[in-house]
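Okay, structure first, notes after.
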Amino acid sequence: MQALCSYSVHSCEQQLRDGCITLKGGHRAGFCGTAVIKNGRLETVRDVSSINIRIAREHIGCGEECARLACSDGFKGLLVAGAPLSGKTTMLRDICRIISAKHKLSVVDSKGELAASYNGAPQLDVGANTDVLNGYEKAQGILLAIRVLSPEFVACDEITGEQDTIAACLHYGVKPLITAHCGDISEALRMPVVKSGAISHVVM
């Protein structure tokens, strides 16, 4: 754990609260152990019992079909849905890479997994015209991107309760590209963010 935190666990406390840290190259290490709670809030993890290391991979070209959908007439937003480890983030990353060749794109990378920024530099290819907001909460980052960065598309990974913010993209002419955990397509279609009308295309 000390080595993965570059022998400065204190500097990684925020990431540890989120359950994992991003390493150089975009890899992630998740820590399991005993939660340290202070004032009802998770402060850090002690007595680490196991470390789960996820190796980041890029599959260049896997998002081509979805990128074409995102640039088609009538497109409002895209949801890439699937079970854990089904490749949602990998797919979204490649979609970003392709779209940003011709369009302005903002990536809200709250967990540091999509662009995998390390010391401020994306370790994985999210495209040439992509602004990366690393470590921002999703709702905060989306609104900041809309106000300040004037994107045509905004991408974020693993949405949970941000449907109202994503739906607001419609009013600003910004098209959301998002992922979410889902068991099947019927479950994805029942998600509030899809029902809001902000998402016109769902893929699994």
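Note: hydrogens, waters and symmetry copies are ignored here, and every other heavy atom, side chains too, is used.
Here the straight-line distance linking atom OG1 of T89 with atom CZ of R57 works out to 13.5 Å at 0.5 Å rounding. For the atom pair OG1 (T22) and CZ (R54), the distance works out to 10.5 Å, reported to the nearest 0.5 Å. Atom OG in S110 sits 7.5 Å away from atom CG in D157 (nearest 0.5 Å). To the nearest 0.5 Å, atom CE of residue M1 and atom CD1 of residue I51 are 7.5 Å apart. Taken from CE in M191 to CD1 in I159, the straight-line distance is 4.0 Å, to the nearest 0.5 Å. Note that CD1 of I37 and OG1 of T44 are 10.5 Å apart. Values are rounded to the nearest 0.5 Å.
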Worksheet entry | salt bridge (Lys or Arg N to Asp or Glu O under 4.0 Å) between R93 and E58, intermediate numbers included | CA-CA 8 Å; R93 183 185 303 119; E58 292 180 292; 5.2 Å; no
Practice prompt. Apply side chain to side chain contact (heavy atoms under 4.5 Å, CB included) to the pair I142 and C169, showing each step before the final yes or no.
Written response: CA-CA 8 Å; I142 290 169; C169 290; 3.9 Å; yes
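Within 6.0 Å of CD in E137 there are 12 or fewer heavy atoms belonging to other residues, nucleotides or ligands. Within 6.0 Å of CZ in R17 there are more than 12 heavy atoms belonging to other residues, nucleotides or ligands. Around CD of E43, the count of heavy atoms belonging to other residues, nucleotides or ligands within 6.0 Å exceeds 12. At most 12 non-hydrogen atoms from other residues, nucleotides or ligands lie less than 6.0 angstrom from OH of Y172.
Here the closest non-hydrogen pair linking S100 and R97 is OG-O, 3.3 Å. Residues A70 and I99 approach most closely at CB-CD1, 3.5 Å, considering heavy atoms. Between C182 and M204 the shortest heavy-atom distance is O-CE, 3.9 Å. L79 and T179 get closest at one heavy-atom pair: CD1-C, 3.9 Å. Across N134 and G112, no two heavy atoms sit closer than the pair OD1-CA, 3.7 Å. Across L133 and G141, no two heavy atoms sit closer than the pair CD1-O, 3.4 Å.
With hydrophobic clusters built from ILVMFWY side chains whose heavy atoms lie under 4.5 angstrom apart, L189 shares a cluster with I178. When the side chains of ILVMFWY residues are joined at heavy-atom separations under 4.5 Å, either directly or via intervening members, V193 and L114 end up in two distinct hydrophobic clusters. Neither L177 nor I98 shares a network with the other; the hydrophobic side chains, linked directly or stepwise wherever heavy atoms of I, L, V, M, F, W or Y lie under 4.5 Å apart, form separate groups for each. Residues I21 and V36 do not share a hydrophobic cluster, defined by chaining ILVMFWY side chains whose heavy atoms lie under 4.5 Å apart. Hydrophobic cluster membership is shared by L92 and L78, with clusters built from Ile, Leu, Val, Met, Phe, Trp and Tyr side chains linked at under 4.5 angstrom.
Looking at C20 and R28, their side chains come closer than 4.5 Å, going by heavy atoms from C-beta outward. Contact check for M91 versus K88: no side-chain heavy atoms found under the 4.5 Å cut-off. Looking only at side-chain heavy atoms (C-beta outward), L149 and V154 stay at 4.5 Å or farther from each other. A heavy-atom distance below 4.5 Å is not found between the side chains of C71 and K102. L105 has its side chain out of reach of P151: every pair of non-hydrogen atoms, C-beta onward, lies at least 4.5 Å apart. Side chains of V9 and Q2 form a contact here, defined as non-hydrogen atoms less than 4.5 Å apart. Taking the side chain as every heavy atom from C-beta outward, V107 and C96 approach each other to under 4.5 Å.
The main-chain N or O of C62 is found under 3.5 Å from a side-chain atom of D94 such that the two form a donor-acceptor pair. Using a distance-only test at 3.5 Å, with no hydrogens or angles considered, no donor-acceptor pair links the side chain of Q140 to the main chain of Y136. Remark: the backbone N or O of T160 is paired with a side-chain donor or acceptor of E162 at under 3.5 angstrom. Although no hydrogens or angles enter the test, the distance criterion places a donor-acceptor pair under 3.5 Å between the side chain of D184 and the main chain of S186. Remark: side-chain polar atoms of K175 are not paired, donor with acceptor, to backbone N or O of E152 under 3.5 angstrom. Side-chain atoms of E65 never come within 3.5 Å of backbone atoms of G63 as a donor-acceptor pair (strictly under, hydrogens ignored).
Shown are V203, T90, V202; of these, the side-chain contact (heavy atoms from CB on, under 4.5 Å) with V80 is made only by V203. Exactly one residue among T130, L144, D131 makes a side-chain contact (heavy atoms from CB on, under 4.5 Å) with S106. That residue is D131.
Ring geometry for F75 against F153 counts as tilted: the plane angle lies between 30° and 60°, on a 0 to 90° scale.
For H27, there are no ring-ring contact (aromatic ring centres under 6.0 Å, His included) partners two or more places apart in sequence or in a different chain.
Side-chain polar atoms of K138 and T165 form no donor-acceptor pair below 3.5 angstrom.
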